[in-house]
Structure formats: C-alpha cells, structure tokens
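One-based numbering, in listed order, for ligands and for the atoms of each. Heads up: numbering here begins at 1 and tracks the sequence. Quick note: numbers below take in every heavy atom, side chains included, and nothing from hydrogens, waters or symmetry partners.
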Amino acid sequence: MTPRSSTPVRLRGVSKRYGSTTAVAGLDFDVQTAEVFALLGPNGAGKTTTVEMCEGFLKPDSGTIEILGLDPVGDNAAVRERIGVMLQGGGAYPAARAGEMLNLVAAYAADPLDPKWLLDTLGLTEAARTTYRRLSGGQQQRLALACAVVGRPELVFLDEPTAGMDAHARIMVWELINGLRRDGVTVVLTTHQLTEAEELADRIVIIDHGAAVASGTPEELMRSGAENQLRFRAPRMLDLSLLVTALPESYKATETAPGEYLVEGHIDPQVLATVTAWCARLNVLATDMRVETRSLEDVFLDLTGRDLRS
Ligand SMILES: Nc1ncnc2c1ncn2[C@@H]1O[C@H](COP(=O)(O)OP(=O)(O)OP(=O)(O)O)[C@@H](O)[C@H]1O
Ligand SMILES: [Mg+2]
C-alpha cells in the first residue's frame, strides 16, 4: 500500500519564471485532508502555474512540492493515479459523446462513481449523447469536472471550475464539491470569484503576482484589518458623548453625514443594545440600522490597492 501522507499538499518556497515574468514567487502553503482549499487571485496571479506544478505538468525553478507525500514530477505516475485533475479550458476528444467520454474515464478506475449519477448531478443527462465539440462551454466544463472526479481520487485539483457558467450550473458544481468534502476528498480549487471562495472554501490563500498576500478561513480574512461597522439613521446633530461613554473604550461613534451615524468596533448584541438604549434615552428612533462586515473584496483591495475583478 502507498503510504498516506498526513498533508496531501505541501509547498515550500515554490517559484516559477517564464523569461522575465515571475509567475510564482516563493509560495508556501499546506492543504489538509478533506478540506476545500481555494487559491484566490486576479487574472495572471499565478493560479494555473501553481496547480500545474502540483499536478506535475510543470517543474518549479526552486522550492519543493509534496503531493500525497510524493514528488509530483519524479513520482508522476504514482501521483497521477491518485489525483483528479480538471484543467482550465478542458482538454478532450472533440468527436466523443459526453456519456462515452465519462464511461471511458470511469473504466480506468478500480472503484468509480456511477457515471449516470454523476451526469445527473451535474445536469448533463440530456447532453450525454452530444459530442464534446457541440456541448456549450458550461457543459464542457461540467463534463471535465465529472471526468476529474469519477475515479474517486483522494485529491482533486480544479482550475476555475465554474468559469463561464450560469448561476444554475454553478450551484450544481458547488453542491458536487461540497459532496466531495463530505466524502473525505481533498479539493484544491482556483478562482477569481470572491463569492465562490466565500461559499466553498474552508481555507483561502489570496495570491497576487505569484505571492501569497493573505490566508485564512473566509471568516478570518473578512475579520482581519478594519473592524465591523454599525450604521444607522437618526435625527441630525445628536449628542454622541453619552454613547461613547457607554461603549467599550476603543469604540468610535461619529455622525458621518447629517443624520447618518457610524459606530466602529466589534459589533455584538451588547453593542446593539447600548446604541438602542442611548436612542431611547434621547427619545429618538434609529432607522436603517445595519451591521456591515467586510467582504473578501475589501480585504483584497486593502492588501494590494487593486480591485480583484480588474
Ligand atoms: N507558458 C507561459 N509562457 C510565458 N508566460 C506565461 C506562461 N504561462 C503563464 N505565464 C505568465 O505567468 C503569469 C501567471 O499566469 P497563470 O496562468 O498562472 O495565472 P492565473 O492566475 O491562472 O490567471 P487566470 O486567472 O487568467 O487563469 C502571467 O503573467 C502569465 O502571463
Ligand atoms: Mg489560470
């Protein structure tokens, strides 16, 4: 039996250059068993280069990569047997029918998933007899995903699995990925969509220009940096001094525009109660009270000064 590494994916100081372009610049991260791990970054950040090195398609210029305890280049055949790969932009036999292609891939596996079930789960049953080249882009993507997972790999790499899909197809893919996690499969995916990373990932590494700029759970990333904010509307020019005294020491309360109030600090039920009590004392009604948390977009903007979508 192949020894099972306790850490399915381990990168240390991994770099890759193409001529004068540094695609990946000293990346370190670990992916744990049965977690969904997202590499989040804008176009050209180095996501595909990173996963292709993990899959053994590319050799790093420096640093080390261990996949299931093995070297993805030196032990390529052994690694390939145990991983599932979905490449960005597919890769298939254009004249093969969708169902045939999936059956063919399943035939190579010792204990495959049921291809019929997989087609159904990904909304491809109606397209099973359609040739690959006639499938829509989103259907081709879903078929590539089906082919990557049908052999029940213990680790799968999905490069932008939902790129170009409509909302309905995207949800089917998300459900499949959540199912993989429940089955104990380790998933490494890349995405430039914040909502996808937020929805799916147990842990995220944000990369920019080939280097990690932040990492953590979605909650940790969104909590980092600026604190939460509470905003509400009330009559203008209220005396905030009583409120400030009632709030914990580091909190700030300001009137940002006439009648628009902002409380900065960690907003918990106690803080809401304090603000409401202050309004009651002044006999005013606060309206439009809302707690604002930061999005991953804000985090990325803070870290890089750039918009993730650009
Ligand atoms: N074969 C190559 N030859 C030259 N430069 C390359 C090659 N492959 C990638 N690059 C460059 O390396 C950088 C990282 O590219 P990579 O494809 O890894 O980014 P990405 O994060 O996957 O982007 P996208 O979101 O567009 O898929 C980019 O600047 C890209 O132009
Ligand atoms: Mg890419």
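Under 3.5 Å, the side chains of T190 and D159 contain a donor-acceptor pair of N or O atoms.
Remark: minimum distance from atom 26 (O) of ligand 1 to any protein heavy atom is reached at N43 ND2, 3.2 Å. In terms of protein heavy-atom proximity, atom 15 (O) of ligand 1 is nearest to T49 OG1, 3.8 Å. From the protein, the heavy atom lying nearest to atom 12 (O) of ligand 1 is A23 CB, 3.3 Å.
When every heavy atom of Y261 is checked against every heavy atom of M237, the shortest pair comes out as OH-N, 3.3 Å.
At under 3.5 Å, a nitrogen or oxygen of G44, whether backbone or side chain, sits near a nitrogen or oxygen of ligand 1. The shortest N or O to N or O distance between G41 and ligand 1 is not below 3.5 Å. Backbone and side-chain nitrogen or oxygen atoms of K47 are examined, and one is located within less than 3.5 angstrom of a nitrogen or oxygen of ligand 1. An N or O contact shorter than 3.5 Å is missing between T21 and ligand 1 by distance.
Evaluated for a side-chain contact (heavy atoms from CB on, under 4.5 Å) with Y251, the options L243, V271, V244 yield exactly one hit, V271.
Under the 6.0 Å distance and 45° angle rule, R80 counts as a cation-pi partner of F57.
Residue-ligand proximity: E160 is placed with a non-hydrogen atom under 4.0 Å from ligand 1. Heavy-atom distances between G46 and ligand 1 reach below 4.0 Å in at least one pair.
Taking distances strictly below 2.8 Å, the protein N/O/S atoms close to the Mg ion (ligand 2) are T48 OG1, Q88 OE1.
Residues forming a side chain to side chain contact (heavy atoms under 4.5 Å, CB included) with D111 (at least two apart in sequence, or on another chain): R152.
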